[in-house]
Participant: 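Input: one structure, supplied below.
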Amino acid sequence: MSTLETKRHSLAHLMAAAVKEMWPQAKLAIGPAIDNGFYYDIDFAGASINDTQLKEIEKKMTHLVKQNLEFTRTEKNIEEALAWARAEKDPYKEEIISDLKEKGETTVSFYTVGQFTDLCRGPHVENTKEIKPHSFKLDKLAGAYWRGDEKNKMLTRLYGLAFDTKEELDEYLKMMAEAEKRDHRQLGKDLDLFMNHELAPGMPFFLPKGMILLQELLKFVRSYSYGDGYYEVRTPQILNAELWKISGHWEHYQEDMFCLHHAEDDIDLGIKPMNCPAHMLIFKRDLHSYKELPLRLAETTTLYRNEKSGTLHGLTRVRSLSQDDSHIFARPDQILDEISTLLDKIKMIYRVFDLEIDEIHLSTRPAHFLGEKSVWDEAEANLKQALEKAKLAYHINEGDGAFYGPKIDVKVKDAIGRQWQLATIQLDFQLPQRFALKYTEADGSAKTPVVIHRALLGSMERFLGVIIEHYAGAFPLWLSPVQVKLISVAKTHLPACQKLANELKEAGIRVEIDENNETVGNKIRKAIKEKVPYMLVIGDKEAAAEKLVVRDRGAKETREISREDFLKELTDKIKNYT
Ligand SMILES: [Zn+2]
Ligand SMILES: [Zn+2]
């Protein structure tokens with residue numbers, strides 16, 4: 001049986017075959033498998049293509065699939081391959097083959113399906129009968145620069161969705177339709193949470209209501225992602241290039257950093273894309289005894305990363321971000337306990353947000369690694385033991401770890417079944433060495449600590465984007481920017497509203513009075529759109545009554561409750577993060 005990825009990539013070939021039948025002059029660039037299907041970047045040589053034609057391509061593909069065609073592999077030596085690309089008048093394939101030649105390749109492989117041959121490394125399905133005819137669908141068209149470089153020609157990217165079965169495809173389409181309804185970029189606008197501006201692409205502006213969400217989240221982070229034994233610090237945003245040279249970022253990560261030159265001092269500076277190097281400097285400030293470890297430094301200040309414009313997306317792909325970041329400086333014998341505690345925190349945190357832990361990956365020692373094999377073995381054994389102790393199922397990505405340490409990644413499933421990667425726990429044997437960090441052992445010898453990089457929510461911006469969609473904007477009470485909305489029927493009821501509002505505010509509840517001169521019906525509709533958890537309409541009857549008349553979010557009917565019970569209900573819910 002072929003893997004889904006193989007089927008997806010094979011479909012990219014079939015799509016190219018269909019395109020070449022319909023537009024013989026089209027030039028093909030690349031056609032990989034992706035998370036939900038496949039795409040092919042194609043130069044239509046001036047012809048424009050529309051959604052109707054996309055449907056026709058799909059029909060042709062279905063036709064090809066049903067013919068039970070075989071994928072056959074052939075090889076050409078590199079010169080023959082170049083001649084082939086020139087004969088095809090395909091500059092993209094020619095460039096790819098030239099690059100392979102430059103890298104020293106002497107032969108390249110081709111795959112033929114039906115009448116269509118394409119340069120490819122494989123693998124593919126053996127026969128198109130392995131692909132179910134209605135398990136795929138051409139999805140959309142987009143522009144994409146050749147090799148992702150805006151200096152190059154803009155090609156047309158044809159996206160296809162593909163799954164093992166039609167049922168899985170339908171399930172996915174249903175999920176995407178639901179996702180569109182709860183797009184956090186739209187909800188962010190509708191609920192006045194944040195805005196973006198062309199003058200700061202990828203750097204969200206948090207509006208007052210979004211700021212409340214962020215502040216509540218930060219309070220939560222301080223209690224549960226950090227908590228006892230964590231020390232929050234604040235380090236500079238702009239740091240001398242010398243620091244980034246020590247940490248290795250200058251050499252390996254500079255493209256992703258915003259850098260500047262200080263003319264007066266004639267020095268290069270880097271805006272921090274992560275906190276680690278600054279935390280190394282804090283550790284280095286003092287002498288540490290083995291008894292002081294683990295030392296946990298935490299920081300949530302804003303980081304800046306130079307993400308490509310084309311990849312920016314609302315809050316989930318940004319250039320300015322903050323994390324529930326921490327660096328734990330530990331002795332090797334403390335790894336197990338630290339990881340166990342972190343896994344417990346992860347379980348607790350995701351439970352609060354009703355996010356289901358979906359997949360955990362443990363990435364282990366790669367072929368080229370830093371440090372002692374025995375240290376790695378011990379650390380990996382600790383990570384496995386901690387995962388087992390926490391009763392968490394995990395996959396091992398053998399050899400997939402970074403060269404400086406093994407890693408645990410946690411993916412969750414949201415309310416509509418989408419997967420998000422959130423927590424990362426990364427062991428690091430390298431950074432402490434680069435910074436020559438030491439602590440004193442019981443016998444007086446100097447030892448190098450291990451550093452654990454950890455973020456459990458990940459980036460706060462991204463996490464907010466995820467939960468806005470997860471809750472479809474209807475946040476649990478504790479997170480809701482406005483928790484109670486009071487609606488006055490007429491001006492004369494404002495004092496009664498004000499009195500109740502004061503009582504609620506005194507109990508720490510966020511309350512808003514809608515005193516606009518509109519009909520009650522309008523005000524109710526507005527409060528429903530704002531997804532406020534509780535709404536109370538105050539008119540003559542309500543102002544005089546002992547009991548409150550409350551409308552719960554989503555409920556058609558109102559209910560009566562005493563002031564005392566209402567306050568208790570709300571404060572209990574808030575206390576319990578519900
Ligand atoms: Zn291929
Ligand atoms: Zn770090």
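Remember, it's 1-based here, ligands and their atoms both numbered in the order they're listed. None of these values were measured; they are calculated from a predicted model.
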Participant: Any donor-acceptor pair under 3.5 Å linking the side chain of S326 with the backbone of R454?
Facilitator: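 Flag not set: sc S326 to bb R454 has no pair under 3.5 Å.
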
Participant: Hey, which protein N/O/S atoms does the Zn ion (ligand 1) have under 2.8 Å?
Facilitator: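 Short answer, with waters excluded from the count: H9 NE2, H13 NE2, C120 SG, H124 NE2.
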
Participant: Heavy-atom count around K132 NZ within 6.0 Å, excluding the residue itself: above 12?
Facilitator: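 Counting neighbours around NZ of K132, 12 or fewer heavy atoms of other residues, nucleotides or ligands fall under 6.0 Å, so no.
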
Participant: May I ask you to check whether W244 and Y253 place their ring centers less than 6.0 Å from one another?
Facilitator: no

Participant: Take atom CD of E378 as the centre, draw a 6.0 Å sphere, and report whether it contains more than 12 heavy atoms from other residues, nucleotides or ligands.
Facilitator: no

Participant: Would K447 pass as a cation-pi partner of Y290, given that its NZ or CZ must be under 6.0 Å from the six-membered ring centre and within 45 degrees of the axis?
Facilitator: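 No, cation not above the ring by the 6.0 Å, 45° rule.
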
Participant: Tell me, with the steps shown, if K407 and D400 meet salt bridge (charged side-chain N to carboxylate O under 4.0 Å, His left out).
Facilitator: CA-CA 9 Å; K407 171 177 81 161; D400 207 28; over 6 Å; no

Participant: Given the Zn ion (ligand 2) as the apex, I'd like the angle to SG of C276 and ND1 of H453, rounded to 10 degrees.
Facilitator: 110°

